[in-house]
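What follows is a short report on a single structure.
Treat the numbers as computed from the prediction; the structure is a model and nothing was measured.
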Amino acid sequence: MEYLVLGLLILSPMTGYELQQFIRQNLALICSHSAGSVQTALAKLEREGRITAAETTQGRRRKKTFSITEEGRAAFSAWVAQPMQADKVKNMELSRLFFLGLARPEERTAAIRDYIRQMEETAAVLQAIRERFRQVQESPLPPGQDWDAIFRFQGYTIEYGIAAAQFERDWYRRLLCELEEQP
């Protein structure tokens, strides 16, 4: 969560609430968007000197806007430059599939139907994110970032998520057909 927060703060200073809302709207399929997880990451990053907070008051409300420090930029740059780790991607739900033979036949098909439904919902959420992403690309953006490169890789992430959800949905549909054909 900390590196995700650092990356978002490189793009723009934000309040904790703005970070939480951005994650909820765009990254909830990747990580938790709970206020607790965001606030925990912010507190840790602030203690480590990787971000700073500026307090402002609007009426009765106090607001903390977080910005990344040079130390935070260096830590993020070192993290993002590391090779991606294939062994870090785990799907614990596959363990449920592994043991599905221990369930009753009607429970098996019900579980698979529900998973197919979830993958369809996931694909729909990602397609909505893709649409918001396209709208952001067309809006005026602050200077100082290579927005083409940033959007290119954010787009890859969205497209990967859509393709993965569609692959899983299709794979489980084939499995369901096989199970329904063979008692």
Side-chain angles (χ1 to χ4, degrees), residues 1-46 48-85 88-89 117-170:
M1 175 62 83
E2 289 87 10
Y3 291 107
L4 188 134
V5 168
L6 288 174
L8 291 174
L9 293 178
I10 284 174
L11 298 177
S12 175
M14 293 187 211
T15 65
Y17 178 77
E18 290 167 335
L19 284 162
Q20 181 187 355
Q21 292 306 303
F22 185 92
I23 294 167
R24 184 183 63 76
Q25 292 173 354
N26 300 293
L27 302 170
L29 298 174
I30 295 174
C31 64
S32 170
H33 63 280
S34 73
S37 60
V38 172
Q39 292 302 323
T40 299
L42 288 170
K44 180 179 181 204
L45 290 167
E46 196 170 15
E48 293 172 346
R50 293 181 175 185
I51 64 172
T52 60
E55 271 195 49
T56 57
T57 305
Q58 291 181 329
R60 292 182 169 162
R61 302 183 89 186
R62 288 182 17 196
K63 179 168 113 170
K64 268 186 166 181
T65 301
F66 295 92
S67 299
I68 192 166
T69 64
E70 285 307 312
E71 185 178 330
R73 284 180 188 276
F76 179 82
S77 293
W79 172 79
V80 80
Q82 292 175 9
M84 295 170 67
Q85 307 273 322
K88 296 272 181 173
V89 179
R117 180 193 54 76
Q118 291 176 56
M119 286 300 101
E120 289 168 347
E121 289 174 0
T122 296
V125 166
L126 287 165
Q127 288 165 358
I129 290 170
R130 178 171 51 190
E131 186 53 39
R132 282 195 306 272
F133 177 71
R134 286 181 180 149
Q135 291 170 1
V136 168
Q137 287 178 293
E138 295 168 1
S139 65
L141 299 164
Q145 299 290 346
D146 182 356
W147 291 107
D148 288 337
I150 292 166
F151 288 147
R152 180 179 177 194
F153 286 90
Q154 289 176 350
Y156 289 155
T157 306
I158 294 166
E159 294 306 320
Y160 174 87
I162 291 170
Q166 290 171 340
F167 169 81
E168 284 197 50
R169 179 202 61 207
D170 293 346

Once you round to the nearest 0.5 Å, how far does [atom1] of [X] lie from [atom2] of [Y]?
| X | Y | atom1 | atom2 | answer |
| --- | --- | --- | --- | --- |
| T69 | L45 | OG1 | CG | 9.0 Å |
| L42 | M14 | CG | CE | 11.0 Å |
| T122 | Q127 | OG1 | CD | 11.0 Å |
| S67 | R73 | OG | CZ | 9.0 Å |
| M119 | F167 | CE | CZ | 12.0 Å |

Under 3.5 Å, is there a donor-acceptor pair between the side chain of [X] and the main chain of [Y]?
| X | Y | answer |
| --- | --- | --- |
| T57 | R62 | no |
| S12 | L8 | no |
| Q145 | I10 | yes |
| Q21 | E18 | no |

message: For L19 and L9: C-alpha separation, side-chain torsions, deciding distance, then whether side chain to side chain contact (heavy atoms under 4.5 Å, CB included) applies.
response: CA-CA 9 Å; L19 284 162; L9 293 178; 4.2 Å; yes
Could you check whether any side-chain heavy atom of [X] comes within less than 4.5 Å of a side-chain heavy atom of [Y], counting everything from C-beta outward?
| X | Y | answer |
| --- | --- | --- |
| I129 | Q25 | no |
| D148 | R152 | no |
| Q20 | I23 | no |

message: Does this structure show an ion pair linking E2 with R50, if we count only N-O contacts that are shorter than 4.0 Å?
response: no
query: When you check the gap from the basic side-chain N to the acidic O, do E138 and R134 get nearer than 4.0 Å?
result: no
query: Any idea how W79 and F76 line up, ring-wise: parallel (<30°), tilted (30 to 60°), or perpendicular (>60°)?
result: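 Tilted.
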query: Checking side chain to side chain contact (heavy atoms under 4.5 Å, CB included) for the pair V136/F151: CA distance, chi angles, key distance, verdict?
result: CA-CA 9 Å; V136 168; F151 288 147; 4.0 Å; yes
State, to 0.1 Å, how close [X] and [Y] come at their nearest heavy-atom pair, and which atoms those are.
| X | Y | answer |
| --- | --- | --- |
| R130 | I158 | CB-CG2, 3.7 Å |
| P13 | T65 | CB-CG2, 3.9 Å |
| Q39 | G16 | NE2-CA, 3.9 Å |
| A53 | E46 | CB-OE2, 3.4 Å |

task: Using the side chain to side chain contact (heavy atoms under 4.5 Å, CB included) rule, pick out the option among T52, L6, V5, I51 that qualifies with F66.
output: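 Single side chain to side chain contact (heavy atoms under 4.5 Å, CB included) partner of F66 among T52, L6, V5, I51: I51.
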query: Going by atom types alone, do Q135 and R132 pair a side-chain donor with an acceptor below 3.5 Å?
result: no
- request: Go through the steps to decide whether E48 and K44 satisfy the test side chain to side chain contact (heavy atoms under 4.5 Å, CB included), and finish with yes or no.
  value: CA-CA 6 Å; E48 293 172 346; K44 180 179 181 204; 3.1 Å; yes
task: Given side chain to side chain contact (heavy atoms under 4.5 Å, CB included), test F133 with Q154 step by step and report yes or no.
output: CA-CA 9 Å; F133 177 71; Q154 289 176 350; 3.4 Å; yes
